[in-house]
Amino acid sequence: MWKAIFSSFYLRKPYDLLLAINKQTFLMTFSVLIAFVLFLPVDISAQEDAESFQKENDSPLEQFLQKSNEAFREYREKIRQAFSKYRNKAATVWGEDKAVVPSKEEWVSYCNKMCERRRVNFKQGFARYELALDPGKKKFSQKVKSALIDSIVESITQGPDQRSIANIAEDPNKIDPGGKPLLSGLFAFESGKTVTENNARKFARKKVRNHLTKWETRGKDGQKRVIASVTIPMIPDHLQKRAKKYEDIVKQQAKRRALSPELVFSIIETESYFNPLARSPAPAFGLMQIVPVTGGQEAYRMVYGENKQPSEDFLYQPKENVTLGTAYFHRLYFTYMEGIKNEMSRLWCALASYNIGPINLYLTFSDKGKSAAIRRINSMDSEDVFNYLVHHLPSRQTQKYIREIRKNIPKYESL
């Protein structure tokens, strides 16, 4: 079964990775990879053990490694501070336990001095529109209802704010809509008719009329507030609908990088649930959750031949994100997991490395270096490798991650 599912993954040789790579370039590339997890930060202990995974370790390489680590830590701290600032502003109005910020599975936007909020949960399949109001009358005024209607219509007809999280945290009220609407084609009337720009207002009025609820909260500023809220479920097949939207991009880049499309689809679902504006404090962005200063820069160099760090708004572009993500996974599988003989064993190890980094992957199998880890992997069959990973990877999140990807792959065979 699995051989058939992944058959297209192994049709081509990794010629595009190996041409014109001299020893110095390879060592630099390898040092970048082992210094960081692929798209998430590697832990300090793994960094300290990097020497055992290198055959050469001279002073210039150590200096380069140190500078790269410092650049990553500075960037990560900058993004984490932006998320924290954004959350604190939200908590002032909504309360500490009710303040939410964007994540890889949920798009969140505030405006009107943080008193208006839109949430789109791509994993659970719903959108929620809320207004924070001073306590007052038991019934909401027509002005409040109209504001909610406008919010729903705008989310269906306008593209989302694509500014960096740092800029958003600095000035949440300065909305800068761009790109395609996130919710296009994801809502339907009870009759099954798709909601479009032309009938969005009619749809919004009906939802506000029939599904307006309220709840109360106390902000960090000490003020009590009443929340007017409308929750709208997406269509039942919302996930497949969003996947279909990126079918051409995924198939094109999968073919280019000798990957199976269903594998790429499954990675995207697990990483972002097809939320093109997925952002997390990792810090990672876009459909395939790429870290600009590490994985993003390495992939950009592979694809475009420039040593450049892609910006957040660049990674929010689906085509660019998938182009970089598939290129990096190609290198991970064909180059950094080279030596693992069984194709399926190599795949499971590459997937775990995509999430937790190759150093942590190899340390899961042996603390005596990469060669010892590969020998142990090669002594096991692929199913034993998979089971070992889901029980021994240092991160429970990564254990769940590879289980989810394996489970999700078959659903994309028909695309």
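Since the model is a prediction, treat every value here as computed from it, not as a measurement.
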**Q** So His330 and Phe334, would you call those rings parallel, tilted or perpendicular, with 30° and 60° as cut-offs?
**A**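 Geometry flag for Phe334 against His330: tilted rings.
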
**Q** I'd like to know if the side chain of Arg242 and the backbone of Tyr273 have a donor-acceptor N/O pair within less than 3.5 Å.
**A** yes

**Q** Under 3.5 Å, is there a donor-acceptor pair between the side chain of Asn199 and the main chain of Val195?
**A**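 No: the side chain of Asn199 does not pair with the backbone of Val195.
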
**Q** Judged by modelled atom types alone, do Asn167 and Ser164 share a side-chain donor-acceptor pair under 3.5 Å?
**A** yes

**Q** Before accepting this row, confirm whether a basic side-chain N of the pair Asp134/Lys224 lies closer than 4.0 Å to the acidic partner's carboxylate O.
**A**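 No, this pair does not count.
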
**Q** Specify whether Tyr333 and Phe329 have parallel, tilted or perpendicular ring planes, treating 30° as the upper limit for parallel and 60° as the lower limit for perpendicular.
**A** parallel

**Q** Counting only N and O atoms by type, is there a donor-acceptor contact under 3.5 Å from the side chain of Asn321 to the main-chain atoms of Leu315?
**A**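 A pair under 3.5 Å: yes.
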
**Q** With distance as the sole criterion, is a donor-acceptor pair present between the side chains of Gln240 and Tyr412 under 3.5 Å?
**A**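 No, no side-chain donor-acceptor contact under 3.5 Å.
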
**Q** If I compare all heavy atoms of Ala327 with all of Val303, which pair ends up nearest, and what's the gap?
**A**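 Shortest heavy-atom contact: CB-CG2, 3.7 Å.
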
**Q** Should Glu343 and Arg346 count as an ion pair when the cut-off is N to O under 4.0 Å?
**A**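 Arg346 and Glu343: not salt-bridged.
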
**Q** What verdict does the side-chain contact (heavy atoms from CB on, under 4.5 Å) test give for Val100 and Arg119, after you've listed the backbone C-alpha separation in whole Å, the side-chain angles of each residue and the deciding distance to 0.1 Å?
**A** CA-CA 9 Å; Val100 293; Arg119 300 173 60 182; 3.7 Å; yes

**Q** Does a donor on one side chain sit under 3.5 Å from an acceptor on the other, for Arg118 and Tyr129?
**A**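 Arg118 vs Tyr129: no donor-acceptor pair found between side chains.
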
**Q** When you measure from the side chain of Ser266 to the backbone N and O of Ile405, does any donor-acceptor pair fall under 3.5 Å?
**A**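 Yes.
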
**Q** Tell me whether the guanidinium CZ or amine NZ of Arg406 lies under 6.0 angstrom from the six-membered ring centre of Phe386 and within 45° of its axis.
**A** yes

**Q** Check for a donor-acceptor pair, side chain of Asn342 on one end and backbone N or O of Ser382 on the other, with a separation under 3.5 Å.
**A** no

**Q** Is the distance from the ring center of Phe189 to that of Phe203 below 6.0 Å?
**A**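 Yes, the ring of Phe189 comes within the 6.0 Å limit of the ring of Phe203, centre to centre.
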
**Q** Ignoring hydrogens and angles, state whether a donor on the side chain of Asp313 or Ser311 is under 3.5 Å from an acceptor on the partner side chain.
**A** yes

**Q** Quick one: CG on Leu183 to CD1 on Ile232, what's the gap to the nearest 0.5 Å?
**A** 8.5 Å

**Q** Less than 4.0 angstrom from a charged side-chain N to a carboxylate O is my criterion; do Glu404 and Lys400 meet it?
**A**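 Salt bridge between Glu404 and Lys400, a charged N being under 4.0 Å from a carboxylate O: no.
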
**Q** Shortest non-hydrogen contact from Leu182 to Lys245?
**A** O-NZ, 4.3 Å

**Q** Between the side chains of Tyr316 and Arg279, does any donor sit under 3.5 Å from an acceptor?
**A**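 Indeed, the side chains of Tyr316 and Arg279 share at least one donor-acceptor pair under 3.5 Å.
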
**Q** Output the distance between atom NZ (Lys241) and atom CG (Leu186), rounded to the nearest 0.5 Å.
**A** 7.5 Å

**Q** Would you say Arg225 and Thr217 are linked by a side-chain donor-acceptor pair, where the criterion is simply a distance under 3.5 Å?
**A** no

**Q** Mind checking the CG-CG spacing from Leu363 to Leu393? Nearest 0.5 Å is all I need.
**A**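 CG of Leu393 is found 11.0 Å from CG of Leu363.
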
**Q** With distance as the sole test, does Lys89 use its side chain to make a donor-acceptor pair with the main-chain N or O of Ala169 at under 3.5 Å?
**A**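 Confirmed, Lys89 side chain pairs with Ala169 backbone.
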
**Q** Ring-plane angle category for Tyr354 and Tyr401, please: parallel below 30°, perpendicular beyond 60°, tilted otherwise.
**A** parallel

**Q** Between Glu96 and Lys220, is there a salt bridge with N-O shorter than 4.0 Å?
**A** yes

